[in-house]
Amino acid sequence: MEENTLFSESTEEERPYIIGELNRMIFHKESEHFSIASINVTDTNEDFSEKSLVIKGYFPPLEEGESYVFHGEFQEHKKFGRQYQVDFYKRVMPETKDGLIVYLASDLFHGIGQKTAERIVDELGEQAISMILQNPDVLDRVPKLAKEKKKQLHEALKEHQGFEHVMIHLNQYGFGLKMSQKIYEAFKDQTLSIIEEDPYQLVFEVEGFGFHRADEIAKMQELPDDHPTRVRAACLYIMQQSLSSGHVYLPTELCLSQVENLLNNGNMNAVTFEQLSDQIIHLAENRYVFIEEDHVYLPSLFHAENGLCHQLERITEESLDIEHTQADLMKIIGDVEEKEAMSYGEDQFQAIEKALHSKAMILTGGPGTGKTTVIKGIIQSYSKLNDVSIDPGDYGSGDPFPFILTAPTGRAAKRMTESTGLPARTIHRLLGWDGHNSFEKNQDNQLEGNVLIIDEFSMVDIWLANQLFRAIPSGMQVLIVGDEDQLPSVGPGQVLADLLRSEYIPSIQLTEVYRQKEGSKIIQLAHEIKNDQCTSKSLEKDHDFNFIPAGEHQIKELVTNIVKKAIDKGIELREVQVLAPMYRSETGIHKLNEEIQQVVNPKSKQKRDLTFKEVTYRKGDKVIQLVNQPEDGVYNGDIGEIAAIFRAEENVDQVEQVVVEYDSKEVVYPKKDLNNIMHAYCTSIHKSQGSEFSIVILPIVRGYRRMLRKNLIYTAITRSKQSLIICGDQQAFLEGIQTRDTNLRYTGLAEKLQENRIPAVEEEEEEEGLSPYDFM
Ligand SMILES: Nc1ncnc2c1ncn2[C@@H]1O[C@H](COP(=O)(O)OP(=O)(O)OP(=O)(O)O)[C@@H](O)[C@H]1O
């Protein structure tokens with residue numbers, strides 16, 4: 001929430017101020033309304049005697065010749081000296097009638113001369129400007145003022161004064177400049193009347209404005225608890241909240257009862273059930289939600305779910321031209337086996353055969369069951385059957401490579417490239433995501449190629465699945481690969497599980513474990529967990545596995561020692577990964593990161609560091625990217641290392657910076673963007689999805705109990721390639737793997753596909769669904 005800065009404790013007069021006129025604008029960023037300007041100081045009560053000053057903050061470009069009063073605080077900039085960080089400003093208005101007449105007769109207001117200005121001030125007095133801004137009809141009282149001139153004057157005043165006038169009021173509600181800008185952008189000159197009459201509209205129109213904040217303002221205005229927009233805003237809020245639990249819709253009854261609880265908090269009869277139903281219908285009529293049978297959807301999810309059904313139908317409807325005989329196929333697979341010096345297992349053979357004969361197929365299986373082996377087999381067999389080259393070098397720029405390999409994360413795409421020797425990209429990059437809500441590849445500009453292979457599909461949410469499938473041309477063959485026992489996607493939906501359950505497209509499940517034959521205890525343990533066969537005997541030490549019993553108080557030290565030992569043995573820091581299920585606790589991710597950093601990358605005179613929000617980042621630190629940042633080519637979950645830290649005076653942008661080196665690129669983070677990364681000595685199990693590490697260290701303690709689930713632990717242990725060290729409480733581990741994920745997700749995909757209830761999708765609706773990350 002925006003901080004309150006003004007009027008709370010001191011009056012405007014008592015506050016330190018700087019009054020000045022624009023000297024020159026140094027910088028203005030339109031999208032953020034952020035400005036830096038040099039001003040000539042005409043008056044101040046601050047201890048400042050120089051004539052000019054650089055000011056910065058969230059204000060629009062200042063106008064020449066106008067005088068402004070600024071409140072804020074001085075900051076010392078190493079190179080540029082003292083600067084003023086503005087947190088409130090307003091134009092200095094003429095205080096006398098004469099001054100006001102000069103102002104209104106100035107060039108700022110076309111068509112208003114000296115005489116007219118005098119008449120306005122005579123009639124309306126010293127408060128003329130705020131009176132006109134609040135209600136332009138007051139100008140009717142001014143004699144001999146043409147209708148057109150009234151309109152022009154009001155427009156010009158709004159333009160010059162509008163934001164400042166509104167901002168002063170918004171500040172009284174505790175909004176800082178930045179939030180005020182956002183609110184003003186949304187409502188312009190209607191802002192104040194909306195805030196006063198119906199603050200709940202802000203929940204609908206201003207990004208980041210929550211229901212509870214609107215409720216606080218409404219209380220100040222003494223709006224009734226059953227105000228219709230309040231009910232609607234609460235409903236939207238509940239729907240948006242449901243996204244964090246992965247739901248695609250909420251059953252109407254559940255939605256209504258949650259809204260009722262929210263609205264009637266402490267006042268049991270504030271809103272009746274009838275009022276609730278009326279408002280939800282109103283929301284549906286205005287397309288803020290969609291109601292389908294007894295399910296309530298947010299628009300983007302409604303369109304994504306229906307869109308995906310529609311795309312699947314379109315893709316599977318097209319028949320495949322198969323020109324080869326069964327004998328051709330047998331021979332070709334046999335040739336591939338010979339080349340690879342191996343023989344496919346029965347289910348693997350069947351998977352290759354079925355994939356080659358299907359428009360779309362799902363391949364599932366736990367670790368080491370040969371999913372990658374089958375993918376390679378499919379690519380090679382397809383290439384031989386259709387006489388197409390697997391060498392990307394054989395294809396020119398206008399000649400698309402027939403195989404498109406993709407995965408939801410950068411690490412998973414990289415692994416795909418390593419295991420197949422073919423180029424693979426993240427789904428976002430494949431679709432040309434612009435970082436906001438548009439994809440270069442879509443139904444009008446589809447992907448080019450013959451076969452699309454998507455790995456780690458369990459991580460794909462309903463939004464992304466819809467975007468991806470829109471871009472698949474009807475003639476393309478699609479292979480979906482994933483492990484259904486992994487955690488579901490972070491975003492809403494459970495697309496892989498729903499597709500499997502619906503049986504809408506064929507699937508093959510690989511069950512035989514091949515890597516186990518090479519003696520991997522990790523893989524054996526994964527399958528025992530998967531098949532509910534894991535006992536305390538399964539946790540006995542082996543060459544690649546160890547369960548070290550430890551009490552909760554010993555965990556930090558134990559985990560840190562193991563990491564240190566691994567690094568001392570020469571294992572790269574990025575190949576040693578501690579995974580934990582929760583952030584905040586004595587043994588949570590934050591505390592573990594702090595502890596490990598102190599040992600692995602301690603404070604040193606030779607290493608620069610920088611503290612941001614109580615976390616110290618140091619050169620050499622392992623960090624993880626927390627959001628998608630396509631403009632810099634880094635995505636949520638990418639892991640890198642701090643390569644350099646720059647002081648403000650050392651770079652042209654004049655801000656402190658952290659440079660992080662990712663696999664093949666460097667990304668520069670100005671200090672204010674450090675929210676986008678965090679330390680990654682220990683990361684969450686959710687964030688590790690799609691990645692693998694040589695050594696995984698997994699603390700399991702009683703304190704994690706409410707998080708411990710079979711699919712979470714399974715996901716964690718299947719991240720390790722060479723060694724898995726679990727430390728903590730065996731009993732908590734065994735109980736965890738017996739606990740099912742009870743977080744049921746409300747999704748309609750499986751039923752719609754199963755019952756062949758594929759809704760017709762209008763073009764316009766598809767467009768509306770285009771904002772996949774609206775609520776993320
Ligand atoms: N039919 C087979 N005969 C012999 N070895 C096999 C066979 N299938 C797979 N393997 C071997 O088993 C190991 C695991 O196979 P693969 O990497 O394809 O499995 P995966 O399901 O992709 O595993 P993960 O999900 O862990 O990456 C590999 O070393 C592979 O060479």
Side-chain angles (χ1 to χ4, degrees), residues 330 332-355 361-381 403 405-422 424 453-460 479-487 496 500 507-531 543-545 575 577 579 685 688-696 698 711 713-724:
M330 301 285 280
I332 276 172
I333 299 180
D335 289 349
V336 174
E337 282 180 317
E338 203 167 306
K339 188 165 161 252
E340 296 288 314
M342 64 174 293
S343 80
Y344 293 117
E346 207 179 310
D347 50 2
Q348 293 178 330
F349 184 91
Q350 211 194 343
I352 298 175
E353 188 187 9
K354 199 162 202 158
M361 190 189 97
I362 306 174
L363 176 67
T364 67
T369 50
K371 296 183 295 298
T372 311
T373 308
V374 168
I375 292 176
K376 287 197 285 189
I378 291 168
I379 293 173
Q380 294 195 40
S381 310
F403 305 99
L405 275 59
T406 190
T409 68
R411 304 263 303 187
K414 194 165 166 243
R415 274 200 295 128
M416 246 183 138
T417 298
E418 284 163 3
S419 60
T420 60
L422 296 178
I453 303 173
I454 318 151
D455 201 358
E456 299 285 356
F457 198 75
S458 56
M459 295 178 70
V460 176
L479 178 67
I480 294 168
V481 185
D483 181 353
E484 56 177 321
D485 291 303
Q486 303 270 351
L487 288 166
L496 177 63
L500 286 166
S507 65
I508 292 275
Q509 188 181 16
L510 302 179
T511 48
E512 192 169 341
V513 185
Y514 288 89
R515 200 176 289 142
Q516 197 180 345
K517 294 193 178 124
E518 297 163 12
S520 166
K521 172 73 177 250
I522 303 168
I523 303 283
Q524 184 188 330
L525 182 64
H527 284 271
E528 283 174 356
I529 293 175
K530 191 180 170 104
N531 301 324
H543 70 283
D544 59 352
F545 173 77
E575 283 300 325
Q577 191 58 52
L579 299 176
I685 299 171
S688 74
Q689 274 180 281
S691 297
E692 279 185 347
F693 310 91
S694 296
I695 300 182
V696 166
L698 179 66
N711 58 358
I713 297 176
Y714 176 80
T715 300
I717 70 167
T718 53
R719 300 307 93 211
S720 51
K721 278 188 291 191
Q722 285 167 14
S723 291
L724 169 66

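Order of appearance sets the numbers: ligands from 1, and atoms from 1 within every ligand.
At a heavy-atom distance under 4.0 Å, no atom of Ser419 approaches ligand 1. Under 4.0 angstrom from ligand 1, the non-hydrogen atoms of Lys371 come from both its backbone and its side chain.
Within ligand 1, counting atoms from 1 as listed, the ones closer than 4.0 Å to a heavy atom of Met342 are 1 (N), 2 (C), 3 (N), 7 (C), 8 (N). Numbered from 1 in the order shown, with element, the atoms of ligand 1 that lie under 4.0 Å from a heavy atom of Gly345 read 1 (N).
Applying the salt bridge (charged side-chain N to carboxylate O under 4.0 Å, His left out) rule to Asp483 yields the partners Lys530; only residues at least two apart in sequence or on another chain are considered. Legend: residues meeting side-chain contact (heavy atoms from CB on, under 4.5 Å) with Gln722, ordered by chain and number and at least two apart, are Ser694.
Between the Arg719 side chain and the Phe693 main chain, no donor and acceptor come within less than 3.5 Å of each other. In this structure, the side chain of Thr417 engages the main chain of Ala424 through a donor-acceptor pair within 3.5 Å. A donor-acceptor contact shorter than 3.5 Å is absent between the side chain of Asp485 and the backbone of Gly366. Of the possible polar contacts, one joining the Thr715 side chain to the Leu487 backbone as a donor-acceptor pair under 3.5 Å is found.
Residue Thr369 has at least one N or O atom closer than 3.5 Å to an N or O atom of ligand 1. The distance criterion of under 3.5 Å between nitrogen or oxygen atoms is not met by Arg415 with respect to ligand 1. Residue Gly370 has at least one N or O atom closer than 3.5 Å to an N or O atom of ligand 1. For a threshold of 3.5 Å applied to N or O pairs, the pair formed by Gly368 and ligand 1 contains at least one separation below that value.
Residue contacts with ligand 1 include Gly366, since one of its heavy atoms falls under 4.0 Å from the ligand.
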